[in-house]
Novice: 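To start, I am sharing the structure in question, which I have written as structure tokens.
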Amino acid sequence: MTGLVVAMDGPSGSGKSSVSRGVARGLGLRYLDTGAMYRAMTWWMLRQGVDLDDPGAIGARCGEPLIVCGTDPDGPAIHVDGIDVAGPIRQAEVTGAVSAVAAVPEVRARLVALQREVIGSGGIVVEGRDIGTVVCPGAEVKIYLTASAEARAQRRSAELAGSTVQAQQEAMARRDTLDTTRKTDPLSMADGAVELDTTAMSLDEVIAEVLRLVAEHAGPSGPGGDRIRERT
Ligand SMILES: Nc1ncnc2c1ncn2[C@@H]1O[C@H](COP(=O)(O)OP(=O)(O)OP(=O)(O)O)[C@@H](O)[C@H]1O
Ligand SMILES: Nc1ccn([C@H]2C[C@H](O)[C@@H](COP(=O)(O)O)O2)c(=O)n1
């Protein structure tokens, strides 16, 4: 029997990580942050001095780093060649460069294959930009999370000391443009996805709504209902 897969896509800062972790905890599922894998690849490229303006150079070297991504929603770990990069991949240098690396087809092919290995037979909430469209189009539940640009920037700047809402909004807009206009597997809403605009919702409300959608789409009376269990 295969396990439940919940696919969570959406633009930067829409709440994918926080919501996915809350849903995984609530259902006793694993959690995979695919953005962390693109960030880990970018961290490695920067460390190696690869020219990030040269997609050919990125594509030629993207098979080299060993990227290992954990699936514990309470402490998702990420290592590159045995080095813990959970902190470094969140730094501004990586955030500013990751969209260029993620646009390279060879990078996407390698990381999608790795993601599918981790997903295995399921029992997991997976978040990113192409989960419902490319990585796992057969996922039982597909969510497309959105929120207004202002709300997303406000949430992010509240999280990061010393950043203004305006600077955050500009940085997010830049990244979203790159992520939605790249040629290979751009961010888009998957067929069958439920769009959830969280602008006026608290994090707890969003998690509760996704749990409700999971129960509706994959609950005891829905398809695959025997595959979910509530964590006690
Ligand atoms: N509904 C919500 N209400 C208020 N704050 C929220 C809500 N959802 C998420 N947040 C907060 O917004 C910030 C961004 O959320 P999160 O990191 O989960 O977004 P993301 O979509 O994973 O972002 P990215 O794609 O950039 O990694 C976090 O500080 C999170 O706690
Ligand atoms: N499935 C994915 C996940 C992420 N990306 C790219 C696009 C993002 O700008 C970047 C970092 O993701 P984040 O940590 O902000 O969620 O990685 C992608 O193309 N596909």
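As the structure is a prediction and not an experimental result, all values here were calculated from the model. Counting convention: from 1, in listed order, for ligands and their atoms alike.
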Novice: Is ligand 1 less than 4.0 angstrom away from at least one heavy atom of G10?
Specialist: no

Novice: Which bit of R175 is near ligand 1, meaning a heavy atom under 4.0 Å away: side chain, backbone, both or neither?
Specialist: side chain

Novice: Report, in ascending order of atom number, the atoms of ligand 1 lying under 4.0 Å from any heavy atom of L203.
Specialist: 1 (N), 2 (C), 3 (N), 8 (N)

Novice: Quick test: of every protein heavy atom, which one is nearest to atom 28 (C) of ligand 1, and how far off is it to 0.1 Å?
Specialist: E159 OE2, 3.3 Å

Novice: What's the shortest distance from atom 17 (O) of ligand 2 to any protein heavy atom, and which residue and atom give it?
Specialist: Y38 CB, 3.6 Å

Novice: Is the shortest N/O to N/O distance between D179 and ligand 2 below 3.5 Å?
Specialist: yes

Novice: Below 4.0 angstrom from a heavy atom of M201, which ligand 1 atoms are there? Numbered from 1 as shown, please.
Specialist: 1 (N), 2 (C), 3 (N)

Novice: Does the residue R108 have a heavy-atom contact with ligand 2, meaning some pair of atoms that are separated by less than 4.0 Å?
Specialist: yes

Novice: Under a 4.0 angstrom heavy-atom cut-off, which atoms of ligand 1 come close to G13?
Specialist: 19 (O), 20 (P), 21 (O), 23 (O), 24 (P), 25 (O), 26 (O)

Novice: Atom 25 (O) of ligand 1: which protein heavy atom is closest, and how many Å away?
Specialist: K16 NZ, 2.7 Å

Novice: Determine whether the side chains of E127 and T34 contain a donor N or O and an acceptor N or O closer than 3.5 Å.
Specialist: no

Novice: When you compare ligand 1 with V19, is there at least one nitrogen or oxygen pair between them that comes in under 3.5 angstrom?
Specialist: no

Novice: Which atoms of ligand 1 have any heavy atom of S17 under 4.0 Å away?
Specialist: 18 (O), 20 (P), 22 (O)

Novice: Answer with side chain, backbone, both or neither: which part of S202 has a heavy atom less than 4.0 angstrom from an atom of ligand 1?
Specialist: backbone

Novice: S18 heavy atoms, cut-off 4.0 Å: which ligand 1 atoms fall inside?
Specialist: 9 (C), 15 (O), 16 (P), 18 (O), 30 (C), 31 (O)

Novice: Which residue holds the protein heavy atom closest to atom 24 (P) of ligand 1, what is that atom called, and what is the gap in Å?
Specialist: R156 NH2, 3.2 Å

Novice: Give the residue and atom name of whichever protein heavy atom lies nearest to atom 15 (O) of ligand 2, and the separation in Å to one decimal.
Specialist: R175 NH1, 2.8 Å

Novice: Pick one of side chain, backbone, both or neither for how R129 approaches ligand 1, counting any non-hydrogen atom pair under 4.0 Å.
Specialist: side chain

Novice: Suppose we measure from atom 9 (C) of ligand 1 to each protein heavy atom; which comes out shortest, and what is that distance?
Specialist: G15 CA, 3.7 Å

Novice: Using only heavy-atom distances, determine whether the side chains of S99 and R174 contain a donor-acceptor pair under 3.5 Å.
Specialist: no

Novice: Around atom 12 (O) of ligand 1, find the nearest protein heavy atom and jot down its residue, atom name and distance.
Specialist: R155 CB, 3.2 Å

Novice: Output the list of atoms in ligand 2 that are nearer than 4.0 Å to some heavy atom of S99, sorted by atom number.
Specialist: 9 (O)

Novice: What are the atoms of ligand 2, with element, lying closer than 4.0 Å to any heavy atom of R90?
Specialist: 14 (O)

Novice: Would one find an N or O of Q115, backbone or side chain, under 3.5 Å from an N or O of ligand 2?
Specialist: no

Novice: Between D74 and R25, does any NZ, NE, NH1 or NH2 come within less than 4.0 Å of an OD or OE carboxylate oxygen?
Specialist: yes

Novice: Any atoms of ligand 2 less than 4.0 Å from a non-hydrogen atom of D130? List them with their elements.
Specialist: 1 (N), 2 (C), 20 (N)

Novice: Measure the distance from atom 3 (C) of ligand 2 to every protein heavy atom, then report the residue, atom name and distance (to 0.1 Å) of the closest one.
Specialist: T34 OG1, 3.4 Å

Novice: Can you list the ligand 1 atoms lying under 4.0 Å from a non-hydrogen atom of V206?
Specialist: 1 (N)

